[in-house]
Amino acid sequence: MSDFITNWGNVIWEALGQTLAMTSITFVISIIVGIPIGVLLVVTRFDGLHPNRTVYSISNWVINILRSLPFIILLFLILPVTKIVAGTTIGIRGVVLPLVVYAAPYIGRLVESSLLEIDPGTIEAFRSMGISNSKIIWRVMVREARGSIIRDLTIAAIGLIGATAMAGLVGAGGLGDIAYQYGFQRYQPDVMYATIIILIVLVQILQSVGNVISARLKKD
Amino acid sequence: MIEFKNVSKTFRGQQKNQHVRAVENVSFKVADGEIYGVMGYSGAGKSTLIRMINGLEKPTDGDVIVDGESVADLSKKELLQLRRKIGMIFQSYNLLVTATVAQNIILPLTLEGLDKTEAEQRAEKYLKIVDLWDKRDSYPAQLSGGQRQRVAVARALAHEPKILLSDEATSALDPETTESILSLLLKINQELGITIFLITHEMNVIQRVCDRVAVLDAGVIAEEGPVVDVFTQPKQGITRKFAGVSDTLGVPRDILKPYAEKHRLISLQFVGQTANEPLLAQVQDKFEVTPDILAGSMGYMKREPYGRLLVYLKADQQDQFDGALEFIRSQDVHVEEVEI
Ligand SMILES: Nc1ncnc2c1ncn2[C@@H]1O[C@H](COP(=O)(O)OP(=O)(O)OP(=O)(O)O)[C@@H](O)[C@H]1O
Ligand SMILES: [Mg+2]
């Protein structure tokens with residue numbers, strides 16, 4: 001055991017850092033992009049606060065397309081765009097854009113369904129009180145749905161950890177990368193098992209924290 | 001305060017034959033401080049009508065005038081201002097489920113720009129008025145339907161509106177809770193001077209609180225006037241149907257049949273403190289008919305006692321019967337023969 005740690009501790013530690021860095025950076029950006037996408041879908045729906053068929057159909061269509069691409073394909077598909085936006089297609093920098101393009105529409109979809117859970121009557125009540133639509137959206141709807149939105153974000157964060165495992169393919173490192181390199185290519189299963197255990201623990205912690213916060217915010 | 005001038009509302013479907021004429025050429029006026037009720041069956045257009053008052057729905061034709069201004073002419077900003085003068089409560093309460101009772105009242109106030117301390121003071125004031133101050137930290141899911149509706153009333157009142165709109169606010173409640181909400185409405189109308197416009201399909205709601213009523217039938221006003229007049233002397237079939245559920249006072253017709261075959265059935269209605277026992281006694285003395293009470297009920301028409309009696313008269317001669325009816329009418333009691 002102590003042998004294992006002296007041999008592999010540093011490698012695994014560094015990989016964990018890379019995974020956490022990739023996940024958290026892309027998670028934050030994906031939230032900033034994804035929540036407005038969810039809001040846009042709900043607001044422009046036929047029964048939303050600003051119905052707009054064109055905007056709704058186009059966003060719906062784009063999201064469906066992005067959502068149907070596996071991350072590994074997306075990663076290579078948008079390489080040229082990544083090159084322009086990030087200046088590079090390798091390392092952590094090179095993987096942020098694909099991860100965001102992967103996660104943001106996902107968050108958007110989840111947030112959409114959470115916002116749709118709000119009773120339309122409640123929104124109507126706030127309209128009847130003379131409160132502007134933008135305040136209804138950001139201060140009432142998002143607030144009312146925050147428990148479900150936290151649950152959505154938990155799911156998205158876990159999905160992102162999974163996706164970062166493939167980021168090793170473009171040299172971004174991370175736990176998935178060493179599991180693949182050492183466990184599969186050099187046949188050192190103990191390294192692979194160690195990373196798997198760390199990933200499981202990571203996901204468990206995230207899910208539990210998410211559940212606790214979500215439950216605390218939901219009151220119905 | 002509120003005036004509808006030839007208002008119509010058509011919902012447009014994809015094809016012409018899918019258009020729904022929800023409200024058609026409706027005109028009426030609601031005076032300041034009045035409680036005005038609109039009654040009608042499901043789909044009659046009541047919600048559409050009430051939603052035009054605060055501009056949640058726009059008329060296709062005609063004008064809705066609130067507090068001197070035509071709602072359709074208001075700019076977006078003015079419309080928001082108008083809505084702040086109009087509170088609204090709903091059948092399904094429409095509270096935030098993730099907010100406490102107090103937060104449910106404070107949040108909309110702060111969104112309107114009130115500062116926090118003032119919003120908190122208002123929450124306290126109005127929660128006390130609806131008698132729920134001790135529940136301020138509960139969540140709606142922990143309250144009964146009647147309590148939730150009272151929170152909704154407090155939320156509406158906290159904006160200190162001139163008008164309160166009520167869309168079937170008691171339809172989901174049991175009779176006792178309904179009564180508690182209705183007496184709350186009467187109280188805020190009297191003590192705060194708020195004009196109340198309500199819609200309902202329940203006749204007892206109209207009787208209990210309204211000064212005037214309009215009966216809406218398929219988007220058209222069938223009858224309109226003071227509640228007492230409309231319900232004691234309904235002119236239209238639909239009004240009679242609403243009022244007439246009890247024209248035999250709930251006694252099944254087959255029970256009444258044997259009486260009706262031998263004698264004449266009449267129904268009496270009176271508002272206020274009419275001494276009715278002596279009335280029937282007098283009828284007996286004066287016209288040599290024998291009245292006998294089959295059923296009776298008393299309740300409130302707004303604040304006035306309102307009574308109904310179902311009576312059968314043993315009268316040998318037609319002129320005795322006619323005389324008796326005429327005499328009863330002269331005593332300010334509305335009387336009608338009941339046909340079985
Ligand atoms: N947004 C809408 N689009 C199309 N048709 C509508 C719309 N809102 C209402 N209607 C139609 O207008 C008519 C009147 O509806 P409204 O909701 O005003 O009735 P109501 O008297 O309030 O009924 P209830 O007692 O069931 O609430 C109905 O035929 C209804 O289907
Ligand atoms: Mg309705």
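The figures that follow rest on heavy atoms only: side chains count, while hydrogens, waters and symmetry mates do not. Sequence lines set the chain letters: A, B, ... in the order given, protein chains first and strands last, and positions in each chain run from 1.
Separating the CG atom in L97(A) from the CD1 atom in I78(A) is a distance of 4.5 Å, to the nearest 0.5 Å. The structure places CD1 of I205(A) at 11.0 Å from CD1 of I158(A), a figure rounded to the nearest 0.5 Å.
With a 4.5 Å cut-off on non-hydrogen atoms, R143(A) touches chain B through its backbone and its side chain both. Residue E78(B) does not touch chain A at all, counting heavy-atom pairs closer than 4.5 Å. At a 4.5 Å heavy-atom cutoff, L165(B) makes no contact with chain A through either its backbone or its side chain. For I131(A), the parts sitting under 4.5 Å from any heavy atom of chain B are the backbone and the side chain alike. Residue A156(B) does not touch chain A at all, counting heavy-atom pairs closer than 4.5 Å.
The six-membered or imidazole ring of Y56(A) lies away from that of F46(A), with a centre-to-centre distance of 6.0 Å or more.
For the options T100(B), N54(B), L96(B), heavy-atom pairs under 4.5 Å to chain A are most numerous at L96(B). Counting heavy-atom pairs closer than 4.5 Å to chain B, the top residue among K135(A), R146(A), R127(A) is R127(A). Contact count against chain A (heavy-atom pairs under 4.5 Å) is highest for N94(B) among I89(B), N94(B), L95(B).
For the side chain to side chain contact (heavy atoms under 4.5 Å, CB included) test with Y93(B), the passing option among R148(B), R155(B), R150(B) is R148(B); the others fail.
A salt bridge links K46(B) to E168(B): at least one charged side-chain nitrogen sits closer than 4.0 Å to a carboxylate oxygen.
For the residue pair R109(A) / N60(A), a side-chain donor-acceptor distance below 3.5 Å is found, with atom types taken as modelled.
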